[in-house]
Chemist: 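Would you mind keeping the following structure in view while I ask a few things?
Every heavy atom of this structure was used, including side-chain atoms; hydrogens, water molecules and symmetry mates were not.
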Amino acid sequence: MAAQAGAPDSALRDLEEALGMGLTADGDVGDAVAAEGAYYLEQVTITEASEDDYEYEEIPDDNFSIPEGEEDLAKAIQIVQEQATDTQILEQKTILPSRHAVPEVIEDFLCNFLIKMGMTRTLDCFQSECKAREDLLKTQKERDFHRMHHKRIVQEKNKLINDLKGLKLHYASYEPTIRVLHEKHHALLKEKMLTSLERDRAVGQISGLQATLKNIDIGHNFHIPEIKVGHNIEKENMPEGPTQKGLRKAREQNKCKTKMKDNAKDSEFPINIQPNPNLNLCKENLPPAKFDYKLSNIFRLHELPVSCIIIHPCKDILVSCSEDRLWKVVGLPKGNVLLTGFGHTDWLSDCSLHPSDNKLATCSGDTTVKLWDLLKGNCLLTFEGHSHAVWSCTWHSCGDFVASASLDTTSKIWDVNSERCRYTLYGHTDSVNSIEFFPFSNTLLTGSADKTLSLWDARTGRCEHSLYGHMHSINDATFTPTGHMIASCDACGVIKLWDFRKLLPIVSIDVGPSAGNEVNFDSSGRIVLL
């Protein structure tokens with residue numbers, strides 16, 4: 001009992017001496033140090049809280065559906081309040097209640113004392129309480145950091161939503177602006193076309209007045225006797241050289257041509273159009289088409305690529321045009337060359353037969369349109385007026401007019417009798433690649449690289465209607481023999497059929513990826529050739 005009583009007394013004494021900062025080297029303490037070794041704090045590992053376990057506040061997605069064109073006052077007030085709250089959170093600091101700072105020496109002594117006395121549970125509780133406050137501070141700092149990060153994300157999201165709303169409103173404002181600009185563009189094109197028409201009429205009136213004045217002058221000069229001066233008589237009596245003689249003949253020929261042009265009158269467009277004879281070809285019960293074509297012969301006609309071939313409707317001949325600047329008339333079926341046309345200074349692009357089948361019209365990269373006599377092969381007339389290459393030409397059913405389409409974005413109607421341009425068709429914004437008259441009418445069809453088809457009145461030169469639907473440059477367009485349908489092809493091999501009566505698309509056929517350079521119908525109008 002005495003020994004048991006002595007042990008607590010020595011422990012209390014040691015505690016009192018430690019608290020009084022008067023530790024002595026007793027035998028008991030020396031024995032304890034020798035038996036248990038040096039005293040130390042227990043190593044405790046505190047794991048940091050993982051960021052993956054933190055539960056973030058879910059951000060609702062309802063704000064993405066913001067109605068355009070409406071201002072939500074409640075939403076604006078909420079955004080302002082959130083911004084004020086975020087500012088307060090960023091400015092405030094985490095303030096924890098102050099605690100009494102315990103010296104490390106006392107903590108070490110208490111830990112050593114609890115270890116010496118074997119009070120492990122008490123030591124664990126003491127150490128966990130000491131470390132809990134540090135963990136709490138660390139956790140609170142991490143919480144504040146994640147809160148601010150979350151608020152920052154919410155602010156960025158609201159800013160992106162507002163920017164998206166502004167972009168949508170800005171994008172929506174483009175469409176009416178584009179529509180207004182498109183309407184202005186069309187109005188300006190119409191004004192430009194009307195101005196060109198007025199200009200052409202004024203030029204026609206001026207030319208008519210000039211011709212009248214010339215006729216009046218010629219009539220007056222007929223009655224006035226000519227007075228010849230002496231040196232003029234001497235010049236007339238002098239012998240002429242070959243150069244002077246050639247100049248005189250050229251001047252006389254030019255005078256004759258000028259008088260013929262002045263006396264020639266403009267052709268009139270036919271008012272009473274003849275009925276289309278091709279309408280009789282359209283029958284309801286036609287036998288099915290049989291495709292049993294075989295290669296019969298190969299004609300080596302040109303040195304460069306062939307650009308156009310047409311077959312004579314009444315004779316067994318065909319006409320071919322090439323990039324070697326020549327056109328040739330070839331007899332069928334042997335392929336013998338009957339006639340060769342020289343005159344163009346650049347490649348030929350297209351040709352067209354006169355309704356009477358005795359004349360030929362050709363167009364070329366030299367910006368001209370030429371008329372030829374198929375019997376003799378000589379050039380009858382040359383039309384000059386385009387500023388770039390001419391792609392296509394066609395005859396009116398009356399045979400008095402030729403229409404041409406050019407790379408200069410215009411088309412022209414030429415009068416064969418007066419040998420001048422009657423109308424220039426303005427409206428396309430890119431190269432006009434094809435042109436054709438509606439059978440036995442005054443309607444003209446053009447296809448352009450601006451992806452549109454246009455129908456024109458040849459009597460006034462005005463665009464009556466435009467057809468939209470192609471996504472690429474239109475290379476060719478034509479009517480059926482009966483005239484109730486239009487076929488067009490573009491640079492990606494897409495064929496479109498249009499109802500000419502309703503001016504609406506019927507069907508679209510993609511036979512690409514190769515380009516469709518020319519499209520045509522057979523005599524029945526049931527088969528499309530590309």
Side-chain angles (χ1 to χ4, degrees), residues 175 178-179 182-183 185-186 189 276 278-279 281-291 293 307-310 349-350 352 391-394 403 405-407 409-411 425 427-441 443-457 463-530:
E175 186 175 358
I178 292 174
R179 190 183 301 110
H182 191 65
E183 293 175 355
H185 175 68
H186 278 289
L189 287 177
N276 188 356
N278 297 322
L279 294 176
L281 299 176
C282 183
K283 299 179 181 179
E284 296 181 357
N285 299 323
L286 289 175
K290 295 182 180 180
F291 300 97
Y293 303 116
S307 57
C308 176
I309 292 178
I310 55 175
S349 55
D350 193 17
S352 178
W391 293 120
S392 180
C393 60
T394 183
S406 172
L407 180 63
T409 71
T410 66
S411 301
L425 310 182
H428 287 293
T429 59
D430 207 336
S431 171
V432 186
N433 297 329
S434 70
I435 190 166
E436 183 175 344
F437 275 103
F438 183 78
F440 300 93
S441 74
T443 301
L444 196 61
L445 172 67
T446 58
S448 171
D450 61 7
K451 310 172 188 177
T452 63
L453 296 170
S454 295
L455 295 169
W456 308 79
D457 188 348
C463 180
E464 300 294 337
H465 198 81
S466 295
L467 302 177
Y468 302 89
H470 278 282
M471 303 301 293
H472 304 279
S473 171
I474 299 175
N475 291 339
D476 191 29
T478 184
F479 292 99
T480 57
T482 57
H484 68 283
M485 200 183 319
I486 299 172
S488 58
C489 62
D490 62 20
C492 280
V494 177
I495 301 175
K496 284 186 176 293
L497 299 180
W498 310 79
D499 189 341
F500 179 61
R501 298 184 181 92
K502 298 180 181 179
L503 297 177
L504 294 174
I506 300 174
V507 67
S508 179
I509 306 170
D510 190 354
V511 294
S514 299
N517 295 325
E518 188 173 357
V519 64
N520 212 333
F521 288 94
D522 70 335
S523 58
S524 65
R526 299 178 61 192
I527 300 174
V528 181
L529 307 176
L530 181 63

Chemist: Look up atom CD1 in Ile474 and atom OG in Ser431, then write down how far apart they are to the nearest 0.5 Å.
Modeler: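 Those atoms lie 11.5 Å apart.
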
Chemist: Residues in salt bridge (charged side-chain N to carboxylate O under 4.0 Å, His left out) with Asp457, at least two apart?
Modeler: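 Only Arg459 meet the salt bridge (charged side-chain N to carboxylate O under 4.0 Å, His left out) criterion with Asp457.
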
Chemist: Minimum heavy-atom separation for Glu436 and Thr478, please, with both atom names.
Modeler: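 Reported closest heavy-atom pair: OE1-OG1, 2.9 Å.
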
Chemist: List the atom of Met471, the atom of Asp490, and the distance in Å for their closest heavy-atom pair.
Modeler: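 The pair with the smallest heavy-atom distance is N-OD2, 4.5 Å.
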
Chemist: Would you be so kind as to tabulate the donor-acceptor pairs closer than 3.5 Å made by side chains of residues 504-516, with sequence neighbours excluded?
Modeler:
unit_1	atom_1	unit_2	atom_2	d
Ser508	OG	Lys496	NZ	3.4
Asp510	OD1	Gly512	N	3.0

Chemist: Restricting to salt bridge (charged side-chain N to carboxylate O under 4.0 Å, His left out), what partner residues turn up for Arg179, sequence neighbours left out?
Modeler: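 Once residues adjacent in sequence are excluded, the partners of Arg179 under the salt bridge (charged side-chain N to carboxylate O under 4.0 Å, His left out) criterion are Glu175.
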
Chemist: To the nearest 0.5 Å, how far apart are NZ in Lys451 and OG1 in Thr429?
Modeler: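 Those atoms lie 9.5 Å apart.
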
Chemist: Restricting to side chain to side chain donor-acceptor pair (under 3.5 Å), what partner residues turn up for Thr409, sequence neighbours left out?
Modeler: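 Once residues adjacent in sequence are excluded, Thr409 has no partner under the side chain to side chain donor-acceptor pair (under 3.5 Å) criterion.
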
Chemist: Looking only at heavy atoms, which two atoms of Met485 and Trp498 are closest? And how far apart?
Modeler: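 Scanning both residues, the minimum pair turns out to be CG-O, 3.2 Å.
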
Chemist: What residues, two or more places apart in sequence or in another chain, satisfy ring pair (Phe, Tyr, Trp, His ring centres under 6.0 Å) together with Phe500?
Modeler: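 Only Phe438, Phe479 meet the ring pair (Phe, Tyr, Trp, His ring centres under 6.0 Å) criterion with Phe500.
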
Chemist: How long is the span from the CD1 atom in Ile527 to the CG atom in Asp522, to the nearest 0.5 Å?
Modeler: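 It is 4.5 Å, given to the nearest 0.5 Å.
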
Chemist: Between Ser448 and Thr452 (side chain of the first, backbone of the second, donor and acceptor by atom type, cut-off under 3.5 Å), is there such a pair?
Modeler: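 A pair under 3.5 Å: no.
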
Chemist: Taking all atoms of both residues into account, what is the closest heavy-atom pair of Ser392 and Ser434, and its distance?
Modeler: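 It is CB-CA, 3.8 Å.
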
Chemist: How long is the gap from OG on Ser307 to CD on Glu518, to the nearest 0.5 Å?
Modeler: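 Reported to 0.5 Å precision, the distance equals 10.0 Å.
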
Chemist: For Pro481 versus Pro439, what's the shortest heavy-atom pair and its separation?
Modeler: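 Closest heavy-atom pair between Pro481 and Pro439: O-CG, 4.4 Å.
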
Chemist: Could you tell me the separation between the OH atom of Tyr468 and the CG atom of Leu453, rounded to the nearest 0.5 Å?
Modeler: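 With rounding to 0.5 Å, OH (Tyr468) is 10.5 Å from CG (Leu453).
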
Chemist: Is Thr443 close to Phe437 at the side-chain level, that is, under 4.5 Å between some pair of heavy atoms?
Modeler: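 Heavy-atom side-chain distance check fails, nothing below 4.5 Å.
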
Chemist: Could you work out, with ring pair (Phe, Tyr, Trp, His ring centres under 6.0 Å) as the rule, every residue matching His182, not counting sequence neighbours?
Modeler: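 By the ring pair (Phe, Tyr, Trp, His ring centres under 6.0 Å) rule, His182 matches His186.
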
Chemist: Which atom names give the shortest non-hydrogen contact between Ser473 and Asn433, and what distance separates them?
Modeler: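 For Ser473 versus Asn433, the nearest heavy atoms are OG-ND2, 3.5 Å.
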
Chemist: What's the spacing between Leu425 CG and Cys463 SG if we round to 0.5 Å?
Modeler: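 Reported value, rounded in 0.5 Å steps: 9.0 Å.
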
Chemist: Could you check if a side-chain atom of Trp391 sits within less than 4.5 angstrom of a side-chain atom of Val432, using non-hydrogen atoms only?
Modeler: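 Not in contact.
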
